[in-house]
2 protein chains.
Amino acid sequence: MTHENTDYSEVLRKHGYRVTIPRMIVLDAVCAHKGHATIGDVQGIVHDMDPTIDRSTIYRALDVLVEVGLVVESDLGHTGKVYSIAGEANHHHLVCIQCGKVLSISADMVATLKQRIRETYDFELQADHLTLNGLCAECQEKKATT
Amino acid sequence: MTHENTDYSEVLRKHGYRVTIPRMIVLDAVCAHKGHATIGDVQGIVHDMDPTIDRSTIYRALDVLVEVGLVVESDLGHTGKVYSIAGEANHHHLVCIQCGKVLSISADMVATLKQRIRETYDFELQADHLTLNGLCAECQEKKATT
DNA sequence: CTTTGTGCAAACACTTTGCAAGTCC
DNA sequence: GGACTTGCAAAGTGTTTGCACAAAG
């Protein structure tokens with residue numbers, strides 16, 4: 001569930017990258033902020049752990065972590081890019097285009113759609129962190145009242 | 001098909017906005033660039049029509065047009081925000097997270113999912129311009145070969 | 001004639017880059 | 001020791017804002 005057991009050092013080395021403290025901290029930060037961490041979130045957490053780590057380093061570390069596959073980058077639209085530990089439970093997101101609220105839905109909800117799209121278009125929907133936009137219950141009401 | 005027949009002047013006025021040349025041109029630009037226009041696209045087209053129109057004006061005009069509902073703003077992730085004329089045919093998008101390619105799929109493809117999500121979560125998926133991320137055929141191969 | 005919209009320029013937030021010093025292997 | 005990384009500071013990007021002038025109703 002955490003990344004403690006995964007040999008992330010190994011993964012980095014395998015890709016020719018070095019294992020450094022800033023990278024560990026950035027990885028920890030993404031892990032700590034369970035769920036989706038915006039760049040802002042990550043920067044905040046990293047800053048708490050070690051204020052000397054530079055913003056640019058965080059950007060570069062995230063790039064590396066995404067490239068080696070330890071971290072997944074998704075785009076929830078409203079919020080900008082978000083980062084999460086790879087290999088977490090499969091789940092998708094309903095993002096309200098009005099208020100930005102995020103709901104999680106189980107992967108099997110979209111399983112049939114996924115298969116139909118694969119068959120018809122030879123297009124493989126994202127396994128985890130698929131994002132679906134729309135209106136949440138409250139914002140539907142707000143819109144109706146207007 | 002174009003916005004010629006719609007009384008867009010009326011729509012603007014109804015919302016308390018004035019009908020101005022820059023706004024018309026921005027609307028024309030979105031309309032001209034059939035499909036999804038990025039902000040860059042719009043700026044380019046507008047600049048061609050009238051180079052004196054300022055960037056800031058375009059941003060403001062788009063905001064207004066989206067607010068009154070003449071233009072729809074969606075977020076395809078990779079490309080950033082895109083704009084399209086409201087009321088065009090319903091269709092959704094498959095966006096490749098690798099190469100950014102965009103495929104269109106018909107609305108009824110997701111109809112059942114849409115209904116299930118409405119029933120289960122009281123969440124109304126976007127009627128048009130829903131965006132689904134994943135890997136296109138080519139990028140699946142590329143990834144497999146790697 | 002009053003209110004709203006525009007162009008300009010400056011401010012802004014966010015991200016990227018170049019480089020010397022520091023760190024990992 | 002040599003190559004990769006970092007921090008710093010500076011340069012980009014793309015977007016927003018304040019304000020005097022122009023235009024719409």
Side-chain angles (χ1 to χ4, degrees), chain A residues 7-30 37-68 70-71 73-83 100, chain B residues 7-30 36-68 70-71 73-83:
Chain A
D7 204 344
Y8 48 92
S9 310
E10 195 65 14
V11 177
L12 280 171
R13 285 210 200 80
K14 227 163 229 160
H15 286 258
Y17 291 112
R18 294 189 176 166
V19 181
T20 68
I21 291 140
R23 280 179 189 156
M24 311 272 248
I25 292 186
V26 170
L27 183 58
D28 274 341
V30 175
T38 65
I39 299 188
D41 293 331
V42 175
Q43 289 180 349
I45 299 172
V46 170
H47 187 85
D48 283 351
M49 300 206 212
D50 183 344
T52 73
I53 295 179
D54 196 71
R55 258 178 281 283
S56 63
T57 303
I58 298 179
Y59 283 110
R60 290 187 276 220
L62 279 174
D63 284 347
V64 169
L65 293 173
V66 168
E67 194 192 316
V68 303
L70 286 172
V71 166
E73 179 187 287
S74 352
D75 194 331
L76 298 188
H78 252 243
T79 346
K81 294 179 181 171
V82 296
Y83 296 87
Chain B
D7 204 343
Y8 48 94
S9 311
E10 194 66 11
V11 178
L12 281 171
R13 285 210 200 80
K14 228 164 229 160
H15 286 258
Y17 291 112
R18 293 186 178 170
V19 182
T20 68
I21 291 139
R23 281 180 189 155
M24 312 272 248
I25 293 185
V26 170
L27 183 58
D28 274 342
V30 175
H36 334 94
T38 65
I39 299 188
D41 294 331
V42 176
Q43 289 180 349
I45 299 172
V46 170
H47 189 84
D48 284 350
M49 301 207 211
D50 183 345
T52 71
I53 294 179
D54 195 72
R55 259 178 282 281
S56 62
T57 303
I58 299 178
Y59 282 111
R60 290 187 277 220
L62 280 174
D63 284 346
V64 169
L65 293 172
V66 168
E67 194 191 317
V68 303
L70 286 171
V71 166
E73 179 189 287
S74 351
D75 194 330
L76 299 188
H78 252 245
T79 345
K81 295 181 180 171
V82 296
Y83 297 87

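Across all non-hydrogen atoms, the minimal contact from Val26(A) to Ala61(A) is CG2-CB, 3.8 Å.
Nearest-nucleotide positions on DNA chain C place Ile39(A) closer to the 5' end than the other of Ile39(A) and Ile21(A). The residue among Asp54(B) and Arg13(B) whose nearest nucleotide of DNA chain D lies closer to the 5′ end is Asp54(B). When each of Gly16(B) and Asp50(B) is assigned the nucleotide of DNA chain C bearing its nearest heavy atom, the one mapping closer to the 5' terminus is Gly16(B).
Asp63(A) has its CG atom 12 Å from the P atom of dT5(D), to the nearest Å. Going from atom CD of Gln43(A) over to atom C1' of dC14(C) covers 9 Å, rounded to whole Å. For the pair Lys81(B) NZ and dT15(D) C1', the interatomic distance rounds to 10 Å; values are reported in whole Å. We find that CZ of Arg23(A) is positioned 10 Å from C1' of dT6(D), with the value rounded to whole Å. Spacing between atom CD1 of Ile25(A) and atom P of dT5(D) amounts to 16 Å, rounded to whole angstrom units. Rounded to whole Å, atom C1' of dG5(C) lies 18 Å from atom NE2 of His15(B). Straight-line distance from the CD1 atom of Ile53(A) to the P atom of dT6(D): 9 Å, rounded to whole Å. One can place CD1 of Ile58(B) at 17 Å from P of dT17(D), the figure rounded to the nearest angstrom.
Residue-to-nucleotide contacts include a donor-acceptor pair under 3.5 Å from the side chain of Arg60(B) to the base of dG7(C).
The shortest distance between side-chain heavy atoms of Met49(B) and Asp28(B) falls below 4.5 Å.
The main-chain N or O of Thr38(B) is found under 3.5 Å from a side-chain atom of Asp41(B) such that the two form a donor-acceptor pair.
In this structure, Thr20(A) reaches the sugar-phosphate backbone alone: every heavy-atom distance under 4.0 Å involves primed, P, OP1 or OP2 atoms, never a base. Residue contacts for Ser56(A): at a heavy-atom cut-off of 4.0 Å it reaches a base atom on one of the strands shown.
The side chain to side chain contact (heavy atoms under 4.5 Å, CB included) test with Val68(B) singles out one residue from Lys14(B), His15(B), Arg13(B), and that residue is His15(B).
Listed pair Tyr59(B) / dT15(D) meets the phosphate criterion, a side-chain N or O lying under 4.0 Å from OP1 or OP2.
If you check dC25(C), dT3(C), dG7(C) against the side chain of Arg18(B), the one that comes closest is dT3(C).
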- Item | Step-by-step side-chain contact (heavy atoms from CB on, under 4.5 Å) determination, Tyr83(A) to Leu65(A) | CA-CA 10 Å; Tyr83(A) 296 87; Leu65(A) 293 173; over 6 Å; no
